[in-house]
Amino acid sequence: MNVGHRKAQALAAVPHARRLARTLLNEVERERKRFAEQQRKGREEQAEASRKGIKEALRRLDITAAREHLESGRDVLPAEQAAFFDGLMMAAERVLQAASATLSRSVGRRLSIKLADGSTAADVVSSFSEGKLVIGGRTLTWGEMAIGEWVELALRASGGDARLYAASLSLMAFLGADPRAMAEVWSKAPRHQISLPQSVTEQIASAVLEDELRECESRLKSKPVEAGERLSAAAAPFSATRVMARFKPRIDALLERCIKKARLTKAFLGKVSFHNGFVRVVYDFQDPGQFGDFEFYPQTPEEKKRPGCSWRAGGGALAGEGHGVLRWKPVLRGDLRVSASVQVQSEEYKNVGFRLCDNGKGKRGSYIWLVFAFAHWREKTVGMGRDGKPIKTWEKTGESHRIGAYYGSPRRAPVLSPDVGEPKIVKGRTYEILIERLGESVSASINGRRILDAEEKRLTSGNFCLRVDHSDIRYRRLTIDCHLDFSWLRKATR
C-alpha cells in the first residue's frame, strides 16, 4: 500500500494524469482503512477469545489454563484489564488453596456440596486429590460445583480473613455467581478492611439489589414485614455505591408498599420505616399523642393501685419521675437495637433503666436489665444514741453502669457484666445511649463509646421497657430497631 501511495503521488506530478492520480490515492486510502479495520477486529477477536478463555478456565478453577489465555492475549488486552486479570488469578489461587484445604480435611466425613446445576451431592467424602473430589462414589471437579460452594469451603478453612473475602467477592463478581451467595458473603465480610475495585463493588451491588428487589416483590403479598426487613438489610451495605442512585427510587417505593401492606402506620404513633433489616420506629415526642404507644407497667398489685411514678410526653421529651416502669406496647422477638437521647434532671438518684425481653409478668417474670448511673450506698455509723445503740445513716459511695438478668425472683437476678464507672452521668447533660441485643450478645454504648458487654442465652422475646428508680429522666429522642411478634402485629392492625 505504501508503494502504491508513492506511485500515485508521482503520477500526480504529470499534468494530464492528476485526475487518475487522485482516484488512485483515494483507492489506496480506502484500502488502508479497510486493512486497519481488519487488524482492529482481529485484535478485538483475539482479546475477546482471551477474555472468554480466562473466564472459562477460572470457572473450572484451572489457573494454569487461565494464565495461558492471559499471556496469549496480553499484547491485545488493555493494560488495566491485563492487570485486573493478574489480580484475579491471585484471588483464584487464594480461594483454591483455602477450599482445597477444607476438602482435604473432610475426607472420611459427611459433606454436602452444592452443584452448578442447582442440585446437591451429600455423602461421605472418599478422597480429594488434584482438584477431584470423590463423594458417595461420584467424582466431582471444581467446574461441576457452584461458585458459591468454593467460597464457602474456602472461608471455612481460615475463618475468612479480609484478603480471602476480597478474593472471594472479586471472583464471584467476575464469574457471575448466584446473587444470593454474593449477598451472603458480602454481609459477613469485614468491609472496613476490604479493598475492592470500584467496578467489582458496583457489579456486586447491581446483582444483589436486582435479585433482592425480585425477592421482595414475590414476598410482598404474603409476608410484607419480612420482605421489607430483607430488602433494607440487602440495600444497607451498598448505600455509598454509585449504583444505589439507580436502585434507590425502586427500593424506597417497594419499602413503602411493604409498610402499607403490613399496615405498620396503624400499629404505631411514631415514625415507622424499615432500616438495615429491622422495623424502625422513631419518637421525637413533639406530639404528646406518641405516648399512646406506651403504657404504665405495674410490677405488683399494690403498685397497680398506687403508682410510684409519673410519665408524660410532649415538648420534645418523654419525662419519667419516681420509681416505676413504662412499657412499649409491641411484643418483640430476636435482635433489638435501641438508641436514646437521655437527660438526667435529678442529682442524687440518676438511675436510667432499660429492660429487654420482658415477658410481662412483673416481679414474677423475667427480663434483661440495663442500668446507667446506678447508685451505690453503704451504711455508716455517725454516733451513739442515749440508749447506747449506734446511730446509722446511708452514705452514697459512687455510681456505675451494669447489665443483668432477672429470672422471676431476686435470688435469681445475676449481674452479667462487670460494673463500669465511666463515663460519669452529669445532671442536665444529654447522653446518647445505644443498646444492642444481637444473638446472645448484649452491649451498651454511651456517646459512641462501648462500655458494657454481656451474654444472655435464655431470653429471646418480650417487651422493651423504660425504668426510673427514684430518678427524674428526660428521653429527648427514642429510636427502636426491632423484629415484631406477628401475633401482636395482627391484633394491633385489626
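We use all heavy atoms of the structure for the numbers below, so side chains are in, but hydrogens, waters and symmetry mates are not.
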Which atom pairs, donor and acceptor, lie under 3.5 Å between side-chain atoms of residues 49-56 and protein residues at least two apart or in another chain?
residue, atom, partner, partner atom, Å
S50, OG, H69, O, 2.7
R51, NE, E48, OE1, 3.4
R51, NH1, Q81, OE1, 2.7
R51, NH2, E48, OE1, 3.2

Just distance, no hydrogens or angles: give the donor-acceptor pairs under 3.5 Å from side chains in residues 167-184, sequence neighbours left out.
residue, atom, partner, partner atom, Å
S168, OG, L164, O, 2.8
S170, OG, A166, O, 2.9
D178, OD2, R180, N, 3.3
D178, OD2, A181, N, 3.3
R180, NE, D211, OD2, 3.3
R180, NH2, E215, OE1, 2.6
E184, OE2, K188, NZ, 3.2

Mind listing the side-chain donor-acceptor pairs of residues 130-148 below 3.5 Å, one per line with the distance, residues two or more places apart or on another chain?
residue, atom, partner, partner atom, Å
T141, OG1, E144, OE1, 3.3
E144, OE1, T141, N, 2.9

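Minimum heavy-atom separation, V415 to S417: CG1-O, 3.2 Å. Across all non-hydrogen atoms, the minimal contact from S273 to I259 is CA-CD1, 3.8 Å. A234 approaches L209 most closely through the heavy-atom pair O-CD2, 4.0 Å.
For the pair V442/D453, no side-chain contact is recorded, criterion being any heavy-atom separation below 4.5 Å from C-beta on. L254 has its side chain within reach of L220: a pair of non-hydrogen atoms, C-beta onward, lies under 4.5 Å apart. Side-chain contact check for I113 versus L111: some heavy-atom pair is nearer than 4.5 Å. In this structure the side chain of S366 reaches within 4.5 angstrom of the side chain of L459, judged on heavy atoms.
Under 4.0 Å is where a charged nitrogen must lie from a carboxylate oxygen, and between R402 and D419 at least one such pair does.
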Next on the checklist: Between L356 and D358, is the side chain to side chain contact (heavy atoms under 4.5 Å, CB included) condition met? List the steps.
Outcome noted: CA-CA 6 Å; L356 314 179; D358 190 302; over 6 Å; no
Next on the checklist: Is there a ring-ring contact (aromatic ring centres under 6.0 Å, His included) between F294 and Y283? Walk through the geometry before answering.
Outcome noted: CA-CA 11 Å; F294 300 82; Y283 298 93; 5.2 Å; yes
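Under the 3.5 Å distance criterion, with hydrogens and angles disregarded, a donor-acceptor pair is assigned to the side chains of T430 and Q343.
Taking a 6.0 Å sphere around CZ of R429, one finds it holds 12 or fewer heavy atoms contributed by other residues, nucleotides or ligands. By the 6.0 Å contact criterion, NZ on K329 is enclosed, its count of non-hydrogen atoms from other residues, nucleotides or ligands being greater than 12.
The ring pair (Phe, Tyr, Trp, His ring centres under 6.0 Å) contacts involving residues 475-494 comprise F268-W488, F278-H483, where partners must be two or more places apart or lie in separate chains.
Residues forming a ring-ring contact (aromatic ring centres under 6.0 Å, His included) with F238 (at least two apart in sequence, or on another chain): W186. Judged as a side-chain hydrogen bond (donor to acceptor under 3.5 Å, both in side chains), and not counting sequence neighbours, the contacts of H275 are R280.
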